[in-house]
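For clarity, every value in this text was computed on a predicted model and none was experimentally measured. The figures that follow rest on heavy atoms only: side chains count, while hydrogens, waters and symmetry mates do not.
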Amino acid sequence: MEQGKFPRHYLEAWGIAKSFKGTRVMSDMNFRVERGELVSLLGPSGCGKSTLLRIIAGLLEADEGAVVLGGREITRFPAHKRNVSVVFQNYALFPHLTVAENVAFGLRARGMAKSATGAPVSEALSLVRMTEFADRPISALSGGQQQRVAVARALVVGPDLLLLDEPFSALDRKLRETMQVELKSLLLDRGITAVFVTHDQEEAMGVSDRIAVMNAGRIEQFADPSTLYARPASPFVMDFVGLSTRISGRVVSSDAGTIAVDTAYGRLSARSDVTVGKDVLLGVRPELIAVEAGENTIGVPLTDVMVLGSKTVLHGTARGGDRILCELPGIRGGLKRGDAVTLGWAVDDTLAYEVAP
Amino acid sequence: MTARVDRVALLAVPGLAYLAVIYALPLLMLLAKSIRTADGVSFGEYAAFFSDEYNMRVLWRTLRVAALTTVLALVIAYPTAFAMSRAKGPWLTVFLVAMVLPMSLGVVVKAFAWSILFRANGFLNSTLQWIGLTDGPVRMLFTETALVVGAANVFLPFMVLPIYAVVRQLDSRLPEAAASLGASPMFRFFNVTLPLTLPGVVAGSAFTFSMAISMYVIPSLIVGERQQTMSMLIARSFLYLRNEPLGSTISAVLLAIAIFVVVFSSWLARRLGARQ
């Protein structure tokens, strides 16, 4: 490989294209991860996130492009020569082997004598707190335990990269949150570079340093969770990552980076350089909206008031394809369905996207 | 509390009754003939059978042919089952029809078709001579090789279908997981694919072997009287020698082997399946 042709990123998938039965699902995909980073590929099913993961793992061959890992081009390497471990959605543990034999599998595949696998296997099992299950068959384990074994099996071989395909989706909500915290600290402690594939934005935000939001075979935005949430690059990202109030309208004036937009709720302002006469979609995160305060204000009757304990969620009457959603911290009494309220927020918090008319 | 009979279990009654009258009863009567003499119960027929060198040769040949048939069928069936598991739509239909249709053709028709293939001036010999592998015709018909090849063909579906049933259920992510853990294709095959498909191999081998040890029509047509098998010996005892105790004795020996194969294979299948 030509020196300097690729920037020195730890993992780089570069110019990746892939078709299935003549249908392009991905073209000119570029994806970079630094050493020690935890990154998520987030998107709806069919967005290409699993395809990209499988191409990086070597389980699928890209039609075009290259994959570079740790300075080594691995594009044409078969999966077993990449030193990239995968944790599969349903863990894909070997049903004919015990827990310890599953964990030892990668070591034995690398030619380690069966007698030598004992120590690393015990260490890996203790890392995931599964020591006492070593001799159990896989069928005797719960979902969470199976996931721990899958993680131990993937890590024991000392992979250069760990790929996790929807690793939490088979677990119930409570367990999922516990496992996320556990796995994240394990990976951070060991300095493992990992790529998660998920369709769950909370999971992605919880476990990752950076998130690549994918849609229709493209990365729409690749940023840290707070940027992604506060400054989504597109309406798709805004909708996929968190909830928001959405109001559509048309730009009627523009002055020094601030636009005025006519909407079904009156005139609202946003920081944007969209030109006059264009259609725009305005968005605001619901927790940035207050009652009876703010620079942009709208008056709406409430269609629903949900007291959830840590927050109170207000739904306003929607006009057209709009959506009015406001989250107030804590329990807010005194508001009820049918009340006409004024909701307001800061101009700086208003997201604006040019849309096709 | 009164014991309640599962009413669904009653559905087994007609089948059980049929088996009892048509299968178990005559078999028991047959077995009785092998140990009953004018003076009472005796195992003399068995002693006589096992001390006869010719009988031992036939028994050994029968077991050997059955084993070779099983091995040949397995070698052909195992990859076929994988190909079938990948086949979709019309291709799967083609495979299944190719498996099942020859079964309805009848062994006699097949055997005569083979004789065209195997005979001295047949297709195989002409081809071998034409490409220069042999100088003159090779004797194929009436050989044990021809018998094994023919028998493997007849019993192939019974080997393919149980393996196919297991392979079809094999989780395709398991070999992928193995690959991502650094396992070469060879290591994956011997440590993942093969152990997980072994129950199908055991079932198919048990079917094929137990049918091959009791085959009669195929050896009669392919190798003829010169190389007897157990079934031919049985038929000869009953039909030509009119020696019912001898025929019953050989039948009992054959039955014992078949029972052993079935019991052993189901024990093996349970043991393999227990951990999965």
Once you measure the plane-to-plane angle for A/Phe168 and A/Phe196, does it fall in the parallel (<30°), tilted (30-60°) or perpendicular (>60°) bin? parallel

For the side chain of A/Arg82 and the backbone of A/Thr75, is there at least one donor-acceptor N/O pair under 3.5 Å apart? yes

Are A/Glu61 and A/Lys18 close enough for a salt bridge, meaning some N to O gap below 4.0 Å? no

Identify the residues of residues 171-189 of chain B whose heavy atoms come closer than 4.5 Å to a heavy atom of chain A, ordered by number, or report 'none'. B/Arg173, B/Leu174, B/Glu176, B/Ala177, B/Ala178, B/Ala179, B/Ser180, B/Leu181, B/Gly182, B/Ala183, B/Ser184, B/Pro185, B/Phe187, B/Arg188

Can you list every side chain to side chain donor-acceptor pair (under 3.5 Å) pair that touches residues 149-162 of chain A, not counting sequence neighbours? A/Asn83-A/Asp160, A/Asn102-A/Arg153

Can you establish whether the number of heavy atoms outside A/Phe20 located under 6.0 Å from its atom CZ is more than 12? yes

Would you call A/Arg24 and A/Glu64 a salt bridge, taking side-chain N to carboxylate O under 4.0 Å as the test? yes

If you count heavy-atom pairs within less than 4.5 Å of chain B, which of A/Leu107, A/Val87, A/Val84 leads? A/Val84

